[in-house]
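Computed over heavy atoms, backbone and side chain alike; hydrogens, waters and symmetry mates excluded.
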Amino acid sequence: MDDKSPNFDGAHPDNKDHSLVSNGRNSQPLSHGLKIIQNIGFLYQEYRDTSKQQEIEQRRQRENLSPVKTGTLAAGSAVVSPPVLQLQLRNNTHSLSLWQNLEAVLASGLLNQLEPKEIIMQETMFELITSEASYYKSLEILETHFLRNPLLVNTLSQSDMHFLFSNIEEVMKASERFLMDLEHRIEESIWISDVCDIVHHHAVEHFSVFITYVINQVYQEKNYRRILEGNQRFRETMFLLENHPHVRGLSFTSFLILPFQRITRLKLLVQNILKKSEENSEREANAVKAHQQLEQIVKECNEGVRKMSRTEELISISQTLEFKSKSVPIISHSRWLLKKGEVQLMAGPKSNRTMRSRKLYQPVYLFLFNNLLLVTKRSGEKFHVLDSCTRAMLRTEDLEDHGQLLANVFNLRLLENQEDRNVNYMLKATKYLLKCVNNLCSLPDSPQVQCIQSYSAQEPDEISTEMADVLNLLECTDDGWMMGERLHDGERGWFPGRVVEEIQSKEVRAQNLREAFKIQHAHEGGAGPQTGARVGLRGRRTPKIHSLSNPYLGTTGTQQT
């Protein structure tokens, strides 16, 4: 450890095992009389509200040019009182605990030996520990007061119980294991050597349960509303449980969202430790690893929620669609809604006489997905599908200025609709919707390359290519590496520029896109298309995007076909 442990007597009064008992409620006393679980008098919601409010106040102080004191020395001692967690908790007469106020710390003489910046570091790491104990305390209430409560259980079916609580018991076990290791670290020494090594280990080994829970929250919220509306016994029982003194006026849903709040807050707490760590120290290295792992978990949580929300939206839309002839499979893991809204379809000869006729306008409703357009006619809650087209085969054209009558009118061209015909729609939209549709329908003619040599990926973020593979070029670096997306399966990755050559012809590029979308539709008619692999930046090189020219391929502009 680069950060040296101070020497002091009385740090280890005994060598007994004071581990937390499995259920957390009968934990044996810790050494130094810490008893973290028993001494935590606040719930995580209260801690989170308080800490966030304090962050706001600190920013206000900085904005008002009132410097926030990082520490004040008490008379005759080296005690540091950073502005961390000094606000009074809601519904609680106590402030959050400080490391320097612990009896064991006061008795050890540490406060006279450590530099102020190290005491602040101890406070920062101790906050991570106490906030985890507070989080576990709130989870215990969720389990004992709600999940295991016979009154509530008797009002719900098994499936509804699963919808509401998901894998919360696994989440609790992960927190318990984590907290046990954190407490053991303090048992080893009241001077906290590090916590980020523990965070990193548990993030790698156990925190995947957060991802499952957070993704299921899409169904959790939806079903909670459904049960509340349709189950009177549940509604009455929930009213009683939420008004019990144990929950301190907090709502049931505030307990359900705890896991996602905790994993995001944990990342910020590690970030604070990283900011205060000495450069090139072991603490800093551990904080970097822990932060990266937590960031990945939060990212997967967000991506999972987004995918589930998109799927729910697609299911909801598909239930409102009615196809007159050839139906289009709407639900796909690779599809999501970009924009929807009503526009006016214009028909008839373009004469001043017909322009003044109200019959010229017919309302239609557009659903624009990332890879598909539906032209529909609304009838109550249903939408009759009139036409459809892949997004790659869409083009928008602004009309020449014909005065106010044709303001916000544009041509929407379907180069190849559901019946393989070229169709043109003259549409009138609000200025806002017109701008959105123009931006979303106008796909750039991005550079394409074809492989002239096979290449086998050497690293996880690379892509293996075969001769004649066609890829959209996304990025390139100064050292000759390129990021591309293979057309036939959407897989992305890095490859050396020497194995490809540019496709110069716009017509060939357009043909390649048409073929790729046909393959995609064939997949959607079966098991669904393959999604592209998530790719990060290569660690050994920093990409520089050449938006207008590619030194390895020659000049390539961004143009619309």
Side-chain angles (χ1 to χ4, degrees), residues 1 3 5 11-12 15-44 47-48 51 84-85 96-102 104-105 110 118 120-140 170-207 209-210 258-259 261-274 276-277 282-283 286-287 289-291 293-294 297:
M1 175 74 66
D3 308 276
S5 172
H12 303 279
N15 292 319
K16 297 178 182 178
D17 182 10
H18 298 290
S19 299
L20 195 67
V21 177
S22 61
N23 63 10
R25 289 179 289 279
N26 300 313
S27 52
Q28 299 176 13
L30 294 171
S31 58
H32 318 302
L34 286 176
K35 304 179 183 178
I36 292 180
I37 287 290
Q38 297 96 320
N39 291 338
I40 292 296
F42 49 88
L43 298 180
Y44 188 73
Y47 153 76
R48 188 171 178 271
S51 58
V84 180
L85 307 178
L96 293 171
S97 301
L98 290 175
W99 174 81
Q100 63 189 275
N101 292 337
L102 297 174
V105 174
L110 266 178
E118 176 60 24
I120 293 176
M121 172 62 83
Q122 292 293 309
E123 297 288 5
T124 306
M125 292 189 291
F126 189 63
E127 181 189 349
L128 187 147
I129 299 172
T130 55
S131 63
E132 184 66 26
S134 170
Y135 167 64
Y136 187 80
K137 185 180 181 74
S138 288
L139 287 182
E140 281 190 310
E170 294 178 11
V171 174
M172 280 195 69
K173 290 177 182 177
S175 176
E176 184 178 25
R177 286 191 293 259
F178 182 40
L179 188 57
M180 286 172 65
D181 283 350
L182 292 173
E183 289 191 331
H184 183 66
R185 178 60 54 85
I186 301 182
E187 289 173 356
E188 293 175 337
S189 171
I190 195 62
W191 175 80
I192 308 170
S193 58
D194 198 359
V195 292
C196 289
D197 56 333
I198 299 175
V199 174
H200 178 256
H201 169 74
H202 283 265
V204 171
E205 298 294 331
H206 306 301
F207 285 178
V209 295
F210 281 97
L258 285 172
Q261 290 179 338
R262 181 55 184 168
I263 197 66
T264 53
R265 183 67 186 173
L266 193 57
K267 187 182 79 167
L268 294 177
L269 292 171
V270 170
Q271 196 175 75
N272 289 338
I273 294 172
L274 178 59
K276 296 176 175 64
S277 296
E282 188 174 349
R283 271 183 188 165
N286 288 334
K289 290 192 298 182
H291 187 267
Q293 191 64 32
L294 291 172
I297 292 172

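- Looking at Glu187 and His184, their side chains come closer than 4.5 Å, going by heavy atoms from C-beta outward.
- For the atom pair Leu128 CG and Asn272 CG, the distance stands at 9.5 Å (nearest 0.5 Å).
- The shortest distance between side-chain heavy atoms of Val199 and Phe178 falls below 4.5 Å.
- Looking at His202 and Leu179, their side chains never come closer than 4.5 Å, going by heavy atoms from C-beta outward.
- A salt bridge links Glu127 with Arg265: the closest approach of a Lys/Arg side-chain nitrogen to an acidic carboxylate oxygen falls below 4.0 angstrom.
- Looking only at distances, a side-chain donor or acceptor of Arg283 sits under 3.5 Å from a matching main-chain atom of Ser193.
- With contacts defined as side-chain heavy-atom distances shorter than 4.5 Å, the pair Cys196/Met125 does not qualify.
- Put simply, the side chain of Ile186 reaches to within 4.5 Å of the side chain of Phe126, judged on heavy atoms.
- Shortest non-hydrogen contact noted between Leu110 and Trp99 is CD1-CZ2, 4.0 Å.
- At distances below 3.5 Å, not a single donor-acceptor pair connects side-chain atoms of Trp191 with backbone N or O atoms of Gln122.
- Within the 4.5 Å cutoff, no side-chain heavy atoms of Val270 are placed close to those of Lys267.
- Listed for the Thr124 side chain is a donor-acceptor partner under 3.5 Å among the backbone atoms of Ile120.
- Using a 30° and 60° split on the angle between ring planes, Phe210 and Phe207 fall in the perpendicular class, above 60°.
- A donor-acceptor pair is defined here as one N or O able to donate and one able to accept, closer than 3.5 Å; no such pair exists between the side chain of Glu123 and the backbone of Leu98.
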